[in-house]
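Here is the naming used below: chain letters follow the sequence lines, and residue numbers restart at 1 for every chain. Not measured: the values here are computed from a predicted model.
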Amino acid sequence: MQIPTRYDASNEQKWYEYWMKKNYFHSEPDDREPYTIVIPPPNVTGVLHMGHMLNNTVQDILIRKARLEGKNACWVPGTDHASIATEAKVVRMLREEGIKKSDISRDEFLKYAWDWKEEYGGIILKQLRKLGASCDWERTAFTLDEVRSKHVLKAFVDLYNRGKIYKGLRIINWDPEAKTVLSNEEVLYEDEPGYLYYIRYQIEGTEEYLTIATTRPETILGDTAVAVHPKDERYGHLKGKKVIVPMVNRVVPVIFDRYVDREFGTGSLKITPAHDPNDYEIGLRHNLEVIDIFNEDATLSEAAGFYVGKDRFEVRKLIVEDLKTSGHLIKIEEYNHSVGKSERTHAVVEPRLSEQWYVDMEALAEPALKAVMEDEVEFFPKNQKNTYRHWLENIRPWTISRQLWWGHRIPAWYLEVDGETKTYVALTVEEALEMAKKDTANDNLTISDLHQDEDVLDTWFSSWLWPISVFNGFFDKKDISYYYPTNVLVTGWDIIFLWVARMIMAGYEWENEKPFKHVYFTGMVRDNLRRKMSKSLGNSPDALKLIDDYGADGVRFGMLSSSPAGGDLLFDIKLVEQGRNFSNKLWNAMRLVKGWEIDEKIDYPVENNLAVKWLENRMNQVIEELDNLFEKYKLSEALMVLYNFIWNDFFSWYLEIIKPAYGSPVDSETYTKTIELFEKMLTLLHPFMPFITEEIWHYIKERKEGDDCVVSKYPESKGYDSNLLEAINKVKAIVTKVRESRNSKGMKPKELLVLYAEKTASIEKFLFSEKIPGLKHILKKIAFLKDVVLTDNSDIENTIPFMAANEKFMLEFNLEIDIEEEIKKIQKELDYQKGFVAGIEKKLSNERFVNNAPEAIVDKERKKLADGNERIKILEKSLLSLKK
RNA sequence: GGGAUCUUAGCUCAGUUGGUUUAGAGCGCUGCCUUGACAGGGCAGAGGUCAUGGGUUCGAAUCCCUUAGAUCCCA
């Protein structure tokens with residue numbers, strides 16, 4: 001049957017099913033060295049996007065390479081329940097069906113949420129299979145499944161009992177859309193243009209006014225003081241005075257506090273303790289009243305007294321108008337200020353006073369900081385270490401409660417006893433009841449006397465346990481003692497605080513051990529204008545369509561080939577095309593070799609023998625380079641090294657050398673060796689392009705059961721002979737010059753010509769001795785030469801002279817030569833060489849260089865000088881003979 | 001406002017502790033090649049005073065400082 005001339009990537013999935021059927025991705029503890037990765041769990045309701053593709057391609061490359069190296073590779077997949085995001089989606093879905101969340105019970109809501117999860121959840125895991133991700137699917141975990149939930153509750157109870165979790169009343173970040181508190185890490189700040197409003201407050205009992213500047217005029221309804229700096233001479237006379245808040249006509253004190261910035265605005269500041277963290281602190285110092293003027297959706301509450309039920313941004317416009325009318329508004333200036341927004345809902349965050357659960361992070365941070373600073377946990381690239389240190393050294397308590405339903409409900413039960421609320425934290429309500437009974441010495445208590453905390457935990461409170469919980473680490477030591485710590489975490493630097501740092505903390509807190517040895521930070525995927533890929537910009541290609549169009553291998557190639565660790569990936573469809581073209585090249589090389597007829601009677605040609613030896617050595621060199629690059633996680637560079645080796649060395653040079661004449665058979669030795677080399681090359685490439693390598697693996701040879709590329713043996717380098725590599729490089733240089741000479745004269749590339757070499761001891765030794773047999777044959781074959789002839793005559797008629805590898809050659813040429821042009825060419829080369837030599841001479845004539853530089857460096861310079869002078873001699877001679 | 005990183009070919013990036021020919025790769029570009037594994041191909045070529053100005057050194061893309069620009073983190 002005819003093999004098509006183009007590689008068809010559409011049957012990639014056939015191989016995925018094949019691997020699954022053979023259970024190659026499943027891992028159980030055994031005697032081998034483990035190699036473990038836990039996936040950064042994507043949102044359970046998410047769909048595959050470009051960022052996932054990059055991230056998971058990287059993980060798959062690492063895990064597949066480890067598997068080929070004979071390690072027990074285990075890649076644990078799973079999903080994250082993504083509390084806020086998923087709840088928001090479910091709420092929206094219900095709203096579309098005409099159901100309001102506030103109209104249904106918690107249990108009803110959760111039923112809808114689980115139904116939703118069952119229907120749409122985990123799509124992304126199926127999509128990862130298309131990409132080729134070789135996860136151990138039997139281990140698939142979910143942050144809200146039974147095992148993981150048990151871990152979360154135990155972690156909460158542990159920390160509570162260790163005094164590291166507590167409840168506190170503070171100013172928090174409120175997301176008015178999701179109607180929940182957020183941690184500091186979930187708030188993103190953006191600079192936005194806005195206005196600074198100057199508003200005057202009448203000083204009580206006088207006709208005098210005090211003017212303040214604010215960006216948030218609507219909050220004056222909650223003002224309980226006005227502050228100035230104690231040393232500000234402008235306001236010294238206001239000591240003990242009171243001012244009247246406009247609109248509400250509340251009389252509030254003028255206070256003196258050093259927090260006030262005298263340079264900003266008018267140097268006087270309105271104080272709204274309920275709606276600004278700094279104001280709250282000031283309020284505590286001065287014992288101020290706290291008036292919360294907002295509802296939980298950031299509309300104005302009864303307490304505001306005005307605009308009740310209207311949204312804060314609408315109120316801002318209204319109040320500005322009203323203040324203008326009443327004469328309180330002095331002026332408006334344009335002003336850029338930074339606005340905090342919810343990472344998930346993008347709603348503008350509202351500071352709000354509220355009681356929440358916190359984790360005291362200081363003690364947890366200490367070992368986590370040390371581990372990274374001392375490279376116990378190593379970051380790739382290293383430059384993230386500074387950011388990490390800065391955060392951990394300035395760590396603040398972690399707000400872990402969320403006013404949501406979708407998540408792990410906080411295992412705290414409350415009991416009202418004589419108007420006092422008692423708290424019992426336990427794994428189950430039964431345990432809590434026992435505690436309550438003991439505590440109150442009341443044996444008649446029942447479960448219905450207790451009521452559980454209404455809130456759930458921050459999603460990250462389950463994610464930080466992930467490397468432990470996926471192995472059921474709190475409850476069964478079998479897996480965790482084998483797989484933990486994992487080898488590497490592959491993730492984006494944007495969640496270094498939200499996730500990476502906290503996992504390290506949890507690792508030391510519970511396992512007394514780091515969760516992973518290395519962290520590989522991928523960059524963001526951006527478009528070629530450096531814009532972040534996003535749905536709203538519409539600049540993100542559909543990941544699955546990309547796979548359909550170019551094959552997973554092509555996409556993997558494209559994602560990786562321009563993605564240094566930590567650096568952003570500027571996605572360009574050209575790169576994916578390049579990957580697809582590479583697949584096609586591999587395919588056609590396979591077609592070439594497969595198409596050869598083998599003739600046992602033909603001898604092993606000397607040039608083929610040399611070519612095989614050369615490619616073996618070169619491959620060993622490449623293997624060493626790859627190992628080195630993998631160690632540093634320079635994966636895109638590793639891929640480029642392989643790409644160049646395969647395309648240039650293997651296909652362009654090696655195959656051209658050994659290729660039998662059209663229609664002729666090949667000797668069996670060459671064939672066998674070529675297949676062997678081809679196989680090794682496929683294994684080397686497999687981690688990057690798993691599908692096509694498996695496909696070709698089965699094409700080039702009959703395979704026994706279990707002889708599959710995915711589990712083949714990764715080749716090891718046995719060292720290489722640099723002299724041999726150097727010799728071939730010289731031959732390549734000569735060939736290139738021959739081609740260039742033909743090219744410049746418009747001669748046929750394949751017309752057989754004689755090449756003359758001026759006779760020197762070195763060229764004689766190089767091409768004509770039997771030290772490395774076959775060099776001359778290779779030269780003849782790929783440069784299309786009738787013969788290579790040594791000559792004493794340095795000026796043969798009708799030849800094109802050129803220099804290569806420090807020797808002079810003359811290529812047969814049967815037409816008139818443009819002598820002027822030749823002279824110009826040689827003159828140009830001569831000028832370059834003279835400049836080169838002059839530079840070195842200058843260096844060498846500098847006594848301080850010769851005296852101070854290491855001997856080896858000076859010797860090298862001398863050798864460079866000698867070589868340069870040699871070339872000049874040859875060029876000058878050529879020039880002379882042309883001119884006569 | 002505080003801090004970090006970066007600036008090398010048209011584009012995206014390598015360039016290890018300062019010294020391997022006067023800086024490399026991929027893409028793009030230019031010319032030639034088409035019955036032969038592959039035009040999703042082959043061969044060859046052109047392109048850079050390494051952002052700027054100083055300094056250290058026998059020697060700087062590499063170390064230090066200045067200036068300009070870009071990105072990011074924190075507040």
Side-chain angles (χ1 to χ4, degrees), chain A residues 3-7 184 188-189 261 278 338 340 381-391 393-394 493-494 496-497 523-524 528 530 550 554 561-564 566-572 574-575 577-596 628-629 632 634 636-637 639-641 643-644 647-648 651-652 655-656 659 661-663 735-750 782 806 832-833 835-840 842-854 856-858 860-861 863-868 871:
Chain A
I3 309 174
T5 63
R6 284 195 182 179
Y7 172 63
N184 295 320
L188 304 176
Y189 292 88
D261 178 359
N278 296 312
S338 114
K382 290 247 182 293
N383 59 25
Q384 296 291 344
K385 276 169 77 172
N386 276 328
T387 326
Y388 180 86
R389 183 177 61 204
H390 187 261
W391 187 72
E393 283 177 351
N394 298 287
W493 45 256
D494 52 331
I496 186 167
F497 306 135
M524 300 286 107
N528 50 18
R530 253 180 216 290
Y550 295 92
S561 61
S562 172
S563 157
D568 285 351
L569 172 108
L570 275 64
F571 183 79
D572 191 337
K574 280 248 154 61
L575 296 172
E577 266 173 35
Q578 197 185 345
R580 180 202 54 186
N581 294 353
F582 186 38
S583 295
N584 200 49
K585 187 73 183 178
L586 287 161
W587 181 253
N588 278 291
M590 182 273 293
R591 283 212 311 141
L592 173 68
V593 175
K594 273 285 285 181
W596 289 337
N628 188 16
L629 291 167
K632 298 179 192 152
K634 296 193 168 185
S636 56
E637 228 176 293
L639 177 57
M640 284 323 285
V641 164
Y643 175 81
N644 284 318
W647 201 309
N648 298 326
F651 296 162
S652 294
L655 287 184
E656 287 305 322
K659 191 159 121 181
Y662 181 60
V735 172
T736 298
K737 280 289 187 178
V738 170
R739 286 168 176 165
E740 188 190 342
S741 301
R742 298 175 111 118
N743 216 345
S744 66
K745 293 285 170 297
M747 297 199 297
K748 288 237 159 66
K750 293 184 182 176
I782 46 181
N806 260 358
Y832 174 85
Q833 293 297 345
F836 170 62
V837 163
I840 299 169
K842 197 177 145 205
K843 221 178 198 180
L844 282 171
S845 65
N846 183 342
E847 267 177 51
R848 285 180 299 179
F849 170 67
V850 181
N851 295 335
N852 293 330
I857 300 294
V858 179
K860 234 174 249 169
E861 290 301 316
K863 169 88 166 56
K864 271 154 67 175
L865 182 65
D867 285 357
R871 287 192 292 267

Taking 4.0 Å as the cut-off, does a side-chain nitrogen or oxygen of [X] come that near to OP1 or OP2 on [N]?
| X | N | answer |
| --- | --- | --- |
| A:Asn644 | B:A25 | no |
| A:Thr736 | B:A44 | yes |
| A:Trp647 | B:G40 | no |
| A:Lys634 | B:G15 | yes |

For [N] and [M], measure between their [atom1] atoms and round to the nearest Å.
| N | M | atom1 | answer |
| --- | --- | --- | --- |
| B:C50 | B:A4 | C1' | 23 Å |
| B:A70 | B:U30 | C1' | 32 Å |
| B:A25 | B:A9 | C1' | 11 Å |
| B:A23 | B:A60 | C1' | 13 Å |
| B:G53 | B:G42 | C1' | 48 Å |
| B:C27 | B:A14 | C1' | 15 Å |
| B:U12 | B:U5 | P | 22 Å |
| B:U66 | B:G24 | P | 32 Å |

Measure the distance from [atom1] on [X] to [atom2] on [N] and round it to the nearest whole Å.
| X | N | atom1 | atom2 | result |
| --- | --- | --- | --- | --- |
| A:Asp867 | B:U21 | CG | C1' | 8 Å |
| A:Glu577 | B:C27 | CD | C1' | 11 Å |
| A:Lys745 | B:C43 | NZ | C1' | 16 Å |
| A:Ile840 | B:G59 | CD1 | P | 17 Å |
| A:Asn581 | B:A39 | CG | P | 11 Å |
| A:Leu575 | B:U12 | CG | C1' | 8 Å |
| A:Asn628 | B:G15 | CG | C1' | 14 Å |
| A:Leu639 | B:C27 | CG | P | 12 Å |

Applying a 4.0 Å non-hydrogen cut-off, can you work out what [X] is touching in the nucleic acid: base, sugar-phosphate, or nothing?
| X | answer |
| --- | --- |
| A:Arg389 | nothing |
| A:Tyr643 | sugar-phosphate |
| A:Arg739 | sugar-phosphate |

What is the distance from atom [atom1] of [X] to atom [atom2] of [Y], rounded to the nearest 0.5 Å?
| X | Y | atom1 | atom2 | result |
| --- | --- | --- | --- | --- |
| A:Ile3 | A:Leu592 | CD1 | CG | 11.0 Å |
| A:Met640 | A:Tyr643 | CE | OH | 6.0 Å |
| A:Met524 | A:Asp494 | CE | CG | 3.5 Å |
| A:Asn644 | A:Leu639 | CG | CG | 9.5 Å |
| A:Asn743 | A:Lys737 | CG | NZ | 12.5 Å |
| A:His390 | A:Thr387 | NE2 | OG1 | 9.5 Å |

Problem set entry | 4.5 Å side-chain heavy-atom contact, A:Arg871 and A:Asp867 | yes
Exercise. How about A:Lys585 and A:Tyr7: do any of their side-chain heavy atoms sit closer than 4.5 Å?
Worked result: no
Problem set entry | Paired stretches of RNA chain B - 3 or more consecutive Watson-Crick or G-U pairs, each distance under 3.5 Å | B:1-7 with B:68-74, B:10-13 with B:24-27, B:29-33 with B:41-45, B:53-55 with B:63-65
Problem set entry | Closest to the A:Leu570 side chain, choosing from B:G28, B:C13, B:A44 | B:C13
Seminar exercise, completed: A:Gln578 has its side chain closest, among B:G40, B:C27, B:A25, to B:C27
How close do [X] and [Y] get, heavy atom to heavy atom, and via which atoms?
| X | Y | answer |
| --- | --- | --- |
| A:Ala589 | A:Leu655 | CB-CD1, 4.1 Å |
| A:Trp391 | A:Phe497 | CB-CE2, 3.0 Å |
| A:Glu861 | A:Ile840 | O-CG2, 3.5 Å |
| A:Trp587 | A:Pro4 | NE1-O, 2.8 Å |

Exercise. Of A:Gln833 and A:Met640, whose nearest nucleotide on RNA chain B comes first from the 5' end?
Worked result: A:Gln833
For this session: Kindly label the base of B:G47 as syn or anti, based on whether its glycosidic torsion lies within 90° of 0.
Result: syn
Exercise. When you check the gap from the basic side-chain N to the acidic O, do A:Lys574 and A:Glu577 get nearer than 4.0 Å?
Worked result: no
Exercise. Which letter, B, S or -, goes with each nucleotide of nucleotides 70-75 of chain B from 5' to 3', with contact meaning a protein heavy atom under 4.0 Å?
Worked result: ---SSS
Exercise. What one-letter contact string describes nucleotides 29-37 of chain B from 5' to 3', where B marks a base within less than 4.0 Å of any protein heavy atom, S marks contact via sugar-phosphate atoms alone, and - marks no contact?
Worked result: --B----SB
